Protein chains: 2
Amino acid sequence: MKQAIYNIGVEDTMRIIGGKWKPIILCHLKHGIMRTGELRRAIPNITQKMLTQQLRELEDDGIINRKVYSQIPPKVEYSLTEYGESLNKILEDLCVWGEKDIERRKQKGENIILLNKEDVAADSLPYAD
Amino acid sequence: MKQAIYNIGVEDTMRIIGGKWKPIILCHLKHGIMRTGELRRAIPNITQKMLTQQLRELEDDGIINRKVYSQIPPKVEYSLTEYGESLNKILEDLCVWGEKDIERRKQKGENIILLNKEDVAADSLPYAD
DNA sequence: TTTTAAAGGTACTTTTTAGTACCTACTGCA
DNA sequence: TGCAGTAGGTACTAAAAAGTACCTTTAAAA
């Protein structure tokens, strides 16, 4: 059995949700169940390979569920596990912080664009400013 | 001027605080001012090069301050900017989630160790490696 | 006189991560 | 008949990130 040694908790968190695609995948899944194709369309530029690979790792870490329907053509649904949902607040905060940061940089004259503010559910979320 | 396009806020957040070392550096700096050497001792295994490089990038993104004292030998202090402090809650949550996750995995029999629950830390102590 | 400590620079190499291209199976539809 | 949609797998390559080794400056201490 291989041993894992961490110096600080955040190392473990980042091992699990870090990288280029995992935070994005999780930020979509926190809204509910999604099929593979939905995720692929929701995440422009991700390849089938990277999507599947990242989903497998998240599944192995107990963050997401993979539900396979035995039918043709195949149907697979992904969702956060109960444990994965313990990340909901963090994921939301990460999204919102980024949205505000982009807004801030835009104000400063940077050429920066956010395509989907899909996350905010704007009317239900009071901005603490 | 180069253009930055994001599909979702979390992409920007991760660009700024993601990677192997930045979350760790920031989790230390959220406790207050630290000198370069303190950070180096607090983060075992980080090299001088990576430390400086990551600190520069965080500075460029407006997250941390770099205060240079004109003296020999040199003295440089790093701290979160006011803007950087808007990440405090997120950083704390990332740390705590990881600590709990490590505890959970340990209970499940995984061979996993957390050396410093850094929030009680004497994080300026020189650790032998 | 040599060494140490401080902070950091730079060229180069290695490792890790991500991307490309092409493959599977099955069924319905035009 | 042949292609689209669905959810993958796999070998190989490219790019990004991180690591190694060695360099600088200066004052004080050994």
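The chains referred to below are lettered A, B, ... by the order of the sequence lines, with proteins before strands, and numbering in each begins at 1. Hydrogens, waters and symmetry mates are skipped; everything else that's a heavy atom, side chains included, is used. Small disclaimer: the values here were computed from a predicted structure and weren't measured.
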**Complete:** For nucleotides 14-20 of chain D, 5' to 3', base contacts (B), sugar-phosphate-only contacts (S) and non-contacts (-) with protein non-hydrogen atoms under 4.0 Å give ----BBB
**Asked** Considering residues at least two apart in sequence or located in another chain, which fulfil the side-chain contact (heavy atoms from CB on, under 4.5 Å) criterion with L115(B)?
**Response**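 If we apply the side-chain contact (heavy atoms from CB on, under 4.5 Å) test to L115(B), skipping adjacent residues, the hits are I5(A), N7(A), I113(B).
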**Message:** So, using side-chain contact (heavy atoms from CB on, under 4.5 Å) as the criterion, who are the partners of I33(B) when residues are at least two apart?
**Reply:**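 Partners of I33(B) by the side-chain contact (heavy atoms from CB on, under 4.5 Å) criterion, ordered by chain and then number, come out as E77(B), S79(B).
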**Message:** Suppose the criterion is ring pair (Phe, Tyr, Trp, His ring centres under 6.0 Å): which pairs have a residue in residues 32-71 of chain A, not counting sequence neighbours?
**Reply:**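 Sorted pair list comes back empty.
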**Request:** Could you pull out all residues at least two apart from E59(A) that satisfy salt bridge (charged side-chain N to carboxylate O under 4.0 Å, His left out)?
**Result:**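 Checked E59(A) against salt bridge (charged side-chain N to carboxylate O under 4.0 Å, His left out); zero matches.
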**Asked** Partners of K100(B) by salt bridge (charged side-chain N to carboxylate O under 4.0 Å, His left out), sequence neighbours excluded?
**Response**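 K100(B) satisfies salt bridge (charged side-chain N to carboxylate O under 4.0 Å, His left out) with no residue once adjacent residues are dropped.
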**Stretch residues 63-80 of chain B: residues that reach within less than 4.0 Å of DNA chain C through a heavy atom** =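 Under 4.0 Å from DNA chain C: R66(B), P73(B), P74(B), V76(B), Y78(B).
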**Message:** Under 4.0 Å from a heavy atom of chain A: give me the 5'-most and 3'-most nucleotides of DNA chain C that qualify.
**Reply:**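 Span of nucleotides near chain A: dA18(C) to dT27(C).
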**Request:** May I have all residue pairs that pass salt bridge (charged side-chain N to carboxylate O under 4.0 Å, His left out) and include part of residues 36-55 of chain A, sequence neighbours excluded?
**Result:**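 Qualifying pairs: none.
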**Qualifying salt bridge (charged side-chain N to carboxylate O under 4.0 Å, His left out) pairs with a residue from residues 9-24 of chain B, counting only residues at least two apart or across chains** =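 As it turns out, the salt bridge (charged side-chain N to carboxylate O under 4.0 Å, His left out) pairs with a partner in residues 9-24 of chain B, which skip direct neighbours, are D12(B)-R15(B), R15(B)-D61(B), K22(B)-E57(B).
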**Item:** side chain to side chain donor-acceptor pair (under 3.5 Å) involving K89(B) - partner list, sequence neighbours excluded
**Value:**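 D93(A).
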**Message:** Need to verify one output field. Residue with the more 5' nearest nucleotide on DNA chain C, R35(B) or T52(B)?
**Reply:**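 Of the two residues, R35(B) wins.
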**Message:** Quick check: closest heavy atoms across I102(A) and I112(A), and the distance to 0.1 Å?
**Reply:**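 Here I102(A) and I112(A) meet closest at O-CG2, 3.8 Å.
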**Prompt:** What residues form a ring pair (Phe, Tyr, Trp, His ring centres under 6.0 Å) with W97(B), not counting sequence neighbours?
**Reply:**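 Y83(A).
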**Prompt:** Rounding to a whole Å, what distance do you find between L51(A):CG and dG8(D):C1'?
**Reply:**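 Taking atom C1' of dG8(D) as the reference, CG of L51(A) is at 10 Å.
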